[in-house]
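Only one structure is covered here, and it is reproduced in the block below.
Note that these values count all heavy atoms, side chains included, but never hydrogens, waters or copies made by symmetry. Everything numeric here is computed off the predicted structure, so don't read it as measured data. A, B, ... follow the sequence lines: proteins, then strands. Residue 1 opens every chain.
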Amino acid sequence: MTPASPTLSATARLTHPERPLWPAAAGLAGPFTKRDLANYLEVVAPWLLLHLRGRPLVLTRYPRGITGPSFYQKNVPPGAPGWLASFPDRPVGGRAVDYPIVGDARGLAWLAQQAAIEFHPWSARALDPERPDRAMIDLDPEPPAGFADACAVARAARQLLSLGGLRLWCKTSGATGVHLCLPIRPAWPHRDVVAVVRALGLRLAEWLPGRVTLERAVARRSGRVYVDYLQNRRGQTVCAPYSPRALPGAPVSMPLAWEDLGGDPPVRWHLLSVPERLRRRGDAWADLAEGGRQDLRQVIRACAAPLPDTP
DNA sequence: GAAACCC
DNA sequence: GGGTTTCAACGCGGG
DNA sequence: CCCGCG
Ligand SMILES: [Mn+2]
Ligand SMILES: [Mn+2]
């Protein structure tokens, strides 16, 4: 047998392409196979890679599909291709980790082969790892609060931050929550971002009494929307824009224009529908880079401003 | 999914 | 050779 | 101090 052609990069091979990663689920899109995942990643690559490139990456992998065993992966696994970039992190007093960094379509193909389903990039770049260039505001509704409540809190956050002249971008988490992105000048350490997002959460709780909580303990959240400000700590992450989720129906964390947030349930955005939407309407976060590099301190100003009428 | 580990 | 294990883990809020 | 949490 002749050896594989070196022009067909061995790393692009996809084994078990028909393996169902998302089994059929009643009333939802799918089933979706490993090949579906690879195809999806190939199509959304130009937009997804914008948020992976240069950032340490944490993966969640499901080699036998979302109903099978799973694991997080921080380190570049042994046997990974030599061209894969990485970020060696040796935090003082912590265990050393060598995070993968995916920056091109060939990296995405490798992720599909690895059955890596969820992509969790750092909010800081590897070249400036101590200073995040975005604050992520993770809104987790605690039942009976749901997606609509998270959207309402998201819009309130947008209005509040506008008092400081700040622009905010939104996406579905893919589950029932919402993720907000505040691009900032990378000038403050992670702990400052935590403190500022906490202050924002406290102000939201003031503005929307009984609808917002900062309580860590689930039992004490009592049907409110949890502002998970601690997700901004060093090494903590939320899933990337356009990352698939390991949930029935293969939902995707979907960036949306503010006018569209809440117009559809989160499962509306999945492995098949997102590429079509991107082709027709483009990327709702296309202007994030140009609106970026905002001043984190303006959040404090916004929170000190008089509260508008309750939205 | 793939390697390291163990008998 | 083949079955099994590993693949993150800590800082912190709050009682 | 211990537990829960992500
Ligand atoms: Mn969330
Ligand atoms: Mn969360």
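Distance A:Gln236 CD to C:dG11 C1': 9 Å, rounded to the nearest Å. Rounded to an integer number of Å, the gap from CD of A:Gln231 to C1' of C:dC10 is 13 Å. Note: NE2 (A:His16) to C1' (B:dG1) measures 8 Å, nearest angstrom. Here the C1' atom of nucleotide C:dG14 and the CZ atom of A:Arg198 are 12 Å apart, to the nearest Å. One interatomic measurement links the two molecules: CZ of A:Arg95 to C1' of C:dG11, which rounds to 16 Å at whole-angstrom precision. Atom pair A:Gln73:CD and B:dA3:P shows a separation of 12 Å (rounding to whole Å applied). Taking atom CZ on A:Arg233 and atom C1' on C:dA9, their separation rounds to 11 Å, with Å as the unit. Across the protein-nucleic acid pair, A:Leu202 atom CG and C:dG13 atom C1' stand 13 Å apart, rounded to whole Å.
When heavy atoms are screened at a 4.0 angstrom cut-off, A:Val218 is found touching the sugar-phosphate backbone but no base atom. Nucleic acid contact for A:Asn75: sugar-phosphate only, since backbone atoms but no base atoms lie under 4.0 Å from a heavy atom of the residue. Heavy atoms of A:Arg234 sit nowhere under 4.0 angstrom from any nucleic acid atom. At a threshold of 4.0 angstrom between heavy atoms, the contacts of A:Arg220 are confined to the sugar-phosphate backbone, with no base atom among them. Looking at heavy-atom distances under 4.0 Å, A:Asp138 makes no contact with the nucleic acid at all. A:Arg191 comes within 4.0 angstrom of the backbone, heavy atoms only, and of no base. Within the nucleic acid shown, A:Pro77 has no heavy atom closer than 4.0 Å to any nucleic acid atom. Among the heavy atoms of the strands lying under 4.0 Å from A:Tyr229 are primed sugar atoms or P, OP1, OP2 only; no base atom is included.
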Problem - Audit row: A:Thr15, A:Gln113, side chain to side chain donor-acceptor pair (under 3.5 Å) steps and yes/no - result: CA-CA 7 Å; A:Thr15 62; A:Gln113 170 57 19; 2.8 Å; yes
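Here the separation of D:dG4 from C:dA8, taken at their P atoms, is 24 Å to the nearest Å.
Within a 6.0 Å radius of CZ in A:Arg198, other residues, nucleotides and ligands contribute 12 heavy atoms or fewer. Within 6.0 Å of atom CZ in A:Phe71, more than 12 heavy atoms from other residues, nucleotides or ligands are found, so the atom counts as buried in its surroundings.
Of the listed nucleotides (C:dG13, B:dG1, C:dA8), B:dG1 has the atom at the smallest distance from the side chain of A:Thr15. The side chain of A:Pro63 lies closest to B:dG1, out of B:dG1, C:dG11, C:dG14.
The shortest distance between the side-chain N/O atoms of A:Arg19 and the OP1/OP2 oxygens of B:dG1 is below 4.0 Å. Using a 4.0 Å cut-off, some side-chain N or O of A:Gln113 falls inside it from OP1 or OP2 of B:dA2. At B:dG1, one or more side-chain N or O atoms of A:Lys34 fall inside 4.0 Å of OP1 or OP2 (strictly under the cut-off).
For A:Arg61 against B:dG1, a side-chain-to-base donor-acceptor contact under 3.5 Å is present.
In this structure, the aromatic ring of A:Phe71 is positioned over the six-membered ring of the base of B:dG1, centres within 5.5 Å and planes within 30°.
Annotation: salt bridge (charged side-chain N to carboxylate O under 4.0 Å, His left out) contacts involving residues 164-190 of chain A, sequence neighbours excluded, comprise A:Arg167-A:Asp287.
In this structure, A:Arg106 satisfies the cation-pi test against A:Trp83, with its NZ or CZ atom closer than 6.0 Å to the six-membered ring centre and inside 45 degrees of the ring normal.
Under the 3.5 Å distance criterion, the side-chain polar atoms of A:Arg233 are left unmatched by any main-chain donor or acceptor of A:Val194.
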